[in-house]
Amino acid sequence: MSCIYYIDSRTGSDDYSGLCPDTPLKSCATLALRPGDSVLFARGSIYREGIIMAEGTAEAPIYYGSYGEGELPRFYGSVSLTGKQAWREEAPCIWKCTAPLMDEPCNLIFDGGRECGNLCWEKETMAKQGDWYSDGLGVRESPGAPVCSDMTLYLYSAANPGSFYQDIECALHGSRALLKGAGHAVAENLAFWCGGVHGYAQDMPEDITIRGCEFHFIGGCVWNRERRIRFGNGVELWDGGRNILVENCLFDNIYDSCVTHQGSPGHVIPEHIAWRGNRFHNYGMAAFEYREYNGRDIVFENNICLDAGLGFSMQNETPPRQSEIWPQPMGHHIFIWNITEGVPGGRILIRNNLFCGSPYGAAVYSIVSPEAEAQVILENNRYYKEEEELWIRFGGKSYGRDAFPNYQRETGQDEGSEVLSARPALMRLS
C-alpha cells in the first residue's frame with residue numbers, strides 16, 4: 001500500500017512518523033520510498049537542501065508536492081551570509097567572509113534577488129559595490145572533483161556587507177542539482193532557489209512531470225576558469241529522454257538556459273518532450289536550448305519568454321557573453337545548435353509563444369545543419385524586440401524586424417506569427 005509523507009522544516013521531527021500533517025517529519029532525506037508514495041512539503045517551509053527523487057514505476061510514479069496554505073516550499077542551494085558578524089574588513093572596502101565555506105561559491109544573491117554580486121576572476125580587479133572573488137573558483141570544474149573546504153570569499157562593499165544588505169545568500173556548487181531526477185516521478189508546486197549549477201537535472205530521464213514549480217537564481221558555477229566561462233541551467237535533460245512534461249512553471253534569473261536537452265555523442269534520441277505554458281524571465285543563453293540530436297515529438301508551446309540575455313548572467317560581462325562557442329551572440333529565446341543531421345521521424349514544434357526582449361541575441365537563433373533544421377517547425381508565435389537587427393537567424397541567414405516577412409517567405413516558417421509594435425504591458429515581471 002502506498003503512503004503519503006508530510007514534511008515541515010519548522011514543526012517536524014525525525015522522531016515523528018510523518019504519516020499525517022500533525023506529525024510531520026523535518027526532512028525527507030531518510031525516507032525509503034516505494035512506487036506510488038507521495039511526499040508533501042508544508043507551504044511556507046524552507047529547506048537548506050535539495051530533493052533526491054526516488055524511482056517510481058510507469059503504473060505508480062512517486063509524487064513530490066505541497067500541502068497547506070502560503071508560499072510554495074522553498075529549497076535553497078545556498079548558505080546565508082547575512083549579518084555583520086559574517087564579515088571582517090581586510091582592506092578598505094574589501095571584506096572577507098568569516099563563515100567557513102565548505103563548497104565552491106557560484107553566485108551572491110542580495111536582498112531576496114533585488115541584485116546579485118559581480119564575479120571577479122582576480123581579487124585585484126574588485127573595484128565596485130557587489131564585486132566578489134573566491135580562491136575556490138573552479139575547484140569543482142572537473143567532473144567528480146571532491147568537495148573542498150576552507151575556501152575564502154571576498155566582497156567589495158562601502159560598508160560591512162551585513163549592514164549594507166539585509167540578506168545575503170551564497171549559492172554553492174553542491175550536488176549539481178537542487179532537484180535530482182529519477183524515472184517515473186512528479187514534482188509539483190515546489191520552489192528552488194539559489195542553486196549554483198542546475199535546478200533539475202537527470203541522465204536518460206523517463207516519465208517525468210514538473211508542474212507549477214519555480215526556479216530562481218540558478219547557475220553561475222565555473223565551467224572553465226581558464227576561458228572564464230560559467231554555466232547552469234533551470235531544467236537539464238541529458239542523454240535522451242522520453243515522456244517528459246514541464247508545464248506552468250516559472251524560471252527567473254537562470255545563468256544559461258531555462259530548459260534544455262543536451263548529451264554526449266551516441267546517446268538515445270529524445271522523444272515525447274513538452275515544455276508548455278511556462279514563464280521565462282532573465283536568462284543568459286536561452287529560454288529553450290536544444291542541441292546534439294534532433295528529437296521526435298518535441299514541443300515548446302504556449303510559453304511567455306521575457307528578456308533574454310538579461311539578469312545576473314551579464315554582470316561584469318561585455319557582449320557577446322563568454323561561452324564555449326564565443327564569439328557567437330548569447331541571450332536568445334530559442335537557441336538550436338550543434339546538431340549535424342536529422343533523425344527518422346524527427347520534429348521540433350515551436351508554436352503559440354510570446355518572445356519579448358533580447359537586446360544581445362535573437363528571438364530564434366538556429367545554427368544547425370539544413371537536414372536538422374528541416375525538422376524544426378515554427379508557427380503562430382508573437383515577437384517583440386526594441387532593436388531592429390537580429391530578430392531571427394534561420395537557414396544560414398539573419399533577419400531584422402523589417403525583413404520578418406522575407407524570413408517567412410524564404411523559409412516557410414512562422415505561419416500565422418506576428419510582429420508586435422509595442423511590448424505587452426501585462427507581460428512584465430516585477
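Reckoned from all heavy atoms, side chains included, excluding hydrogens, waters and symmetry mates.
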Taking the six-membered ring for Trp and the full ring for Phe, Tyr or His, determine whether the centres of F312 and Y255 are under 6.0 Å apart.
yes

Heavy-atom distance under 4.5 Å between the side chains of S313 and M285, does that happen here?
no

Charged N-O contact under 4.0 Å between E386 and R401
no

Partner set under salt bridge (Lys or Arg N to Asp or Glu O under 4.0 Å) for E289, not counting sequence neighbours
R291

Run the numbers on S323 and Q328 for side chain to side chain donor-acceptor pair (under 3.5 Å), then give the verdict.
CA-CA 8 Å; S323 71; Q328 290 278 359; over 6 Å; no

Exam field: side chain W121 to backbone L137, donor-acceptor pair closer than 3.5 Å:
no

Quiz question: by atom type and distance under 3.5 Å, do the side chains of N302 and N353 form a donor-acceptor pair?
no

Atom CG in L119, atom SG in C116: separation rounded to 0.5 Å?
12.0 Å

Donor-acceptor pair, distance only, cut-off 3.5 Å: does the side chain of K385 make one with the backbone of S358?
yes

Full working for salt bridge (Lys or Arg N to Asp or Glu O under 4.0 Å) between R242 and E271
CA-CA 5 Å; R242 188 172 186 272; E271 57 184 357; 3.1 Å; yes

How many angstroms lie between CG in L155 and CG in L81, if you round to the nearest 0.5 Å?
9.0 Å

F300 and F280 aromatic centres sub-6.0 Å
yes

Is a salt bridge present between K123 and D131, judged by a nitrogen-to-oxygen distance below 4.0 Å?
no

Apply side-chain contact (heavy atoms from CB on, under 4.5 Å) to the pair I254 and N282, showing each step before the final yes or no.
CA-CA 7 Å; I254 310 298; N282 281 349; over 6 Å; no

Evaluate the side-chain proximity of L153 to K96: yes if any heavy-atom separation is below 4.5 Å, no if none is.
no

Closest heavy-atom pair and its distance - V197, C221
CG2-CB, 3.9 Å

Does the side chain of W193 come within less than 4.5 Å of F217's, by heavy atoms?
yes

What distance do L354 atom CG and L420 atom CG have between them, rounded to the nearest 0.5 Å?
6.5 Å

Assess the side chains of E317 and Y360: does a donor N or O sit below 3.5 Å from an acceptor N or O?
no

Any side-chain heavy atom of F251 sitting closer than 4.5 Å to one from V235?
yes

Just checking, is any N or O donor in the side chain of E188 or Y63 under 3.5 Å from an acceptor N or O on the other one?
yes

Is the backbone of N381 close enough, under 3.5 Å, to the side chain of S417 for a donor and an acceptor to pair up by distance?
yes

Hey, is R321 close enough to D256 for a salt bridge, meaning N to O under 4.0 Å?
yes

Taking the six-membered ring for Trp, are Y383 and F404 ring centroids under 6.0 Å apart?
yes

With sequence neighbours excluded, give me every ring pair (Phe, Tyr, Trp, His ring centres under 6.0 Å) pair touching residues 41-62.
F41-Y47, F41-F75, Y47-F75

Do the side chain of N253 and the main chain of G311 share a donor and acceptor less than 3.5 angstrom apart?
no

Just distance, no hydrogens or angles: give the donor-acceptor pairs under 3.5 Å from side chains in residues 202-216, sequence neighbours left out.
unit_1: Q202; atom_1: OE1; unit_2: Y200; atom_2: OH; d: 2.4
unit_1: D207; atom_1: OD1; unit_2: N243; atom_2: ND2; d: 3.0
unit_1: D207; atom_1: OD2; unit_2: H184; atom_2: ND1; d: 2.8
unit_1: R211; atom_1: NE; unit_2: E247; atom_2: OE2; d: 2.7
unit_1: R211; atom_1: NH2; unit_2: E247; atom_2: OE2; d: 3.3
unit_1: E214; atom_1: OE1; unit_2: H216; atom_2: NE2; d: 2.9

Under 6.0 Å from the CD atom of E410, do we count more than 12 heavy atoms belonging to anything else shown?
yes

Would the distance check show the side chain of Q375 and the main-chain N or O of V343 forming a donor-acceptor pair, the cut-off being under 3.5 Å?
yes

What do you reckon, is CD of E90 surrounded by more than 12 foreign heavy atoms closer than 6.0 Å?
yes

Is a side-chain donor or acceptor of Q408 paired with a backbone partner of G412 at a separation under 3.5 angstrom?
no

Just so I know, are the side chains of I51 and Y64 near enough to count as touching, which here means a heavy-atom distance under 4.5 Å?
yes

Neighbour count >12 (heavy atoms, 6.0 Å) for atom CD, E71
no

side-chain contact (heavy atoms from CB on, under 4.5 Å) between R296 and R347, intermediate numbers included:
CA-CA 5 Å; R296 302 185 184 97; R347 186 187 72 157; over 6 Å; no

If I take atom CG from residue N303 and atom CG from residue N278, how far apart are they, to the nearest 0.5 angstrom?
5.0 Å

Are any side-chain N or O atoms of S66 and backbone N or O atoms of L190, one a donor and one an acceptor, separated by less than 3.5 Å?
no

I'd like to check N338 versus Y293 (side-chain heavy atoms, cut-off strictly below 4.5 Å). Are they in contact?
no

Within a strict 4.5 Å, meaning less than it, do heavy atoms of the H272 and I298 side chains meet?
no

I'd like to know whether CH2 of W326 has more than 12 heavy-atom contacts from other residues, nucleotides or ligands below 6.0 angstrom.
no

Evaluate side-chain contact (heavy atoms from CB on, under 4.5 Å) for M53 paired with L179, printing each intermediate quantity in order.
CA-CA 7 Å; M53 303 178 88; L179 181 60; 3.7 Å; yes

Flag, side chain of N224 to backbone of I229, donor-acceptor distance under 3.5 Å:
no

Do E301 and R351 sit within salt-bridge range, that is, some charged N less than 4.0 Å from a carboxylate O?
yes

Has W95 got a side-chain atom pairing as donor or acceptor with A91's backbone, closer than 3.5 angstrom?
no

Could you give me the CA-CA distance, side-chain angles and deciding distance for E341 and V368, then say whether side-chain contact (heavy atoms from CB on, under 4.5 Å) is met?
CA-CA 8 Å; E341 58 187 11; V368 298; over 6 Å; no

Would R230 and W223 count as a cation-pi pair here, with the cationic atom under 6.0 angstrom from the ring centre and within 45° of the axis?
no

If I compare all heavy atoms of T340 with all of E371, which pair ends up nearest, and what's the gap?
O-OE1, 4.2 Å

Within 6.0 angstrom of K128 NZ, more than 12 heavy atoms from elsewhere:
yes

Between P329 and Y365, is any pair of side-chain heavy atoms under 4.5 Å apart?
yes

Exercise: do D414 and Y407 side chains pair donor with acceptor under 3.5 Å:
yes

Rounded distance [0.5 Å steps], CD1 in I377 versus CD1 in I350:
9.5 Å

Would you please classify the geometry between the H333 ring and the Y283 ring as parallel, tilted or perpendicular, with 30° and 60° separating the classes?
perpendicular

With a 3.5 Å cut-off and no angle check, do the side chains of H173 and D103 form a donor-acceptor pair?
no

Atom pair NE2 (H261) and CG (N294), whose distance is rounded to the nearest 0.5 Å:
11.0 Å

Given the ring of Y76, does R48 sit roughly above its face, with NZ or CZ under 6.0 Å from the centre of the six-membered ring and within 45° of the axis?
yes

So, does S257 use its side chain to make a donor-acceptor pair with the main chain of T260 at under 3.5 Å?
no

